[in-house]
Amino acid sequence: MSIRQLREDIACVFDRDPAARNTFEVLTTYPGVHAIMHYRLANWLWRRGLKWFARVLSTFSRWMTGIEIHPGATIGNRFFIDHGMGVVIGETAEIGDDVTLYHGVTLGGTSWNKGKRHPTLHDGVVVGAGAKVLGPITVGADARIGSNAVVTKDVPESVTVVGIPGRIIRKASTDAENRRREMAAKIGFDAYGMTDDMPDPIARSIHNLMDHMHHVDKKIDNMCRALSNLGDHSCEDALPELEEETFVSLHERLEAEREKSSGD
């Protein structure tokens, strides 16, 4: 383990954990950092044929941190394990740079045969608490695996996987997202938190409504152009502006009235 790697492993904690306050605290109280330090030394011993000593060190690390990393695993730079208790990383697992695991994650095997039995995680992958990634599968760069998901098949880049068994929730296309934002701005609606990465039936319904309104708008524009060509210019009149309070939920309105009455 080089000093550069140690610095990067510590620096990435500050990037991904807002609770981290200073370097001394990270070095002395973060089990994820302790585990990766022990792993890098154990891996150095493993690659030089000192496998028993490497396994002894990894076992000691498991006692100390609750994190089990086989010394034969391959782990890149800026690897961060948050909380860490119950994390298991198998011998043939391969992990790229800037990967984050939360507590209870298992990168395990599904076969007793020798050879590649554990998953490969490419750069930037995030695996949520309790997730199980099993078998010699590949998780593409920047993919997200939701908490408690069980993944046994390859995962493409930049997607989110949720559920048991893991289901891929693909990101919306840029064009669709831009179109929905334009429609939201037109009706005065703040479409925060709406993403196809989230399997929220209400968000999906709103997305469908936005898409439907976009197509209706296009048809109206076409009809207005046709009427204008025929000499009817009524479509040129501006539409009435929508009042913001039209889109305030009933709950918010009741809360506002309650605060007003309590103030009086």
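Hydrogens, waters and symmetry mates are skipped; everything else that's a heavy atom, side chains included, is used.
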Residue pair Ala73 / Tyr39: nearest heavy atoms and the distance that separates them: O-OH, 2.5 Å
From Glu8 atom CD to Phe79 atom CZ, the distance as rounded to the nearest 0.5 Å: 14.5 Å
Greater than 12 external heavy atoms within 6.0 Å of Arg16's CZ: yes
From Leu101 atom CG to Thr106 atom OG1, the distance as rounded to the nearest 0.5 Å: 10.0 Å
Gap between atom CZ of Phe80 and atom CG of Asp98 - 0.5 Å precision: 12.5 Å
Phe60 and Arg55, any side-chain heavy atoms less than 4.5 Å apart: no
Distance-only side-chain donor-acceptor flag, Asn43 / Arg47, under 3.5 Å: yes
Test side chain to side chain contact (heavy atoms under 4.5 Å, CB included) applied to Ile81 and Val13, Thr100, Ile67, the passing residue: Ile67
Main-chain N/O of Ser58 paired with Arg62 side-chain donor or acceptor, under 3.5 Å: no
Heavy-atom pair with the smallest gap, counting every atom of Gly146 and Ala131: O-CB, 3.7 Å
hydrophobic_cluster_shared for Val150 and Val162, side chain cutoff 4.5 Å: no
Whether Lys116 side chain and His118 backbone form a donor-acceptor pair below 3.5 Å: yes
Members besides Val126 in its Ile/Leu/Val/Met/Phe/Trp/Tyr cluster (side-chain heavy atoms under 4.5 Å): Tyr102
Pairwise side-chain contact, Val159 with Pro156, heavy-atom cut-off 4.5 Å (strictly under): yes
Shared hydrophobic cluster, Val105 / Met85 (ILVMFWY, side-chain heavy atoms < 4.5 Å): no
Chi angles and distances behind the side-chain contact (heavy atoms from CB on, under 4.5 Å) call for Asp142, Glu157: CA-CA 6 Å; Asp142 299 316; Glu157 295 183 1; over 6 Å; no
Atom of Val99, atom of Gly124 and distance for their closest heavy-atom approach: CG2-N, 4.1 Å
CD1-CD1 distance between Ile95 and Ile36, expressed to the nearest 0.5 angstrom: 7.5 Å
Shortest non-hydrogen separation from Thr23 to Phe14 and the atoms involved: N-CZ, 3.6 Å
Asp82 side chain to Tyr30 side chain, donor-acceptor N/O pair below 3.5 angstrom: no
Between Thr92 and Arg117: side-chain donor-acceptor atoms closer than 3.5 Å: no
Atom pair CG/CD1 of Leu107 and Ile89 - distance to nearest 0.5 Å: 5.5 Å
Side-chain (Asp154) to main-chain (Ile137) donor-acceptor, under 3.5 angstrom: no
Interatomic distance, Asn77 atom CG to Ile75 atom CD1 [nearest 0.5 angstrom]: 11.0 Å
Over all atoms of both residues, closest heavy-atom pair of Ala141 and His122: N-CB, 3.6 Å
Flag side-chain contact, heavy atom, 4.5 Å: Asp9 against Val33: no
Any donor-acceptor N/O pair, Thr29 side chain to Glu25 backbone, under 3.5 Å: yes
Where Gly108 and Pro119 come nearest, the two heavy atoms and their spacing: O-CD, 3.5 Å
Of His34, Glu68, His38, the residue whose pairing with Ser61 passes side chain to side chain donor-acceptor pair (under 3.5 Å): His38
Linked, directly or transitively: Val56 and Leu45 (ILVMFWY side chains, under 4.5 Å): yes
Side-chain (Lys132) to main-chain (Gly104) donor-acceptor, under 3.5 angstrom: yes
Heavy-atom side-chain contact between Met37 and Leu6 under 4.5 Å: yes
Heavy-atom side-chain contact between Ile145 and Val133 under 4.5 Å: yes
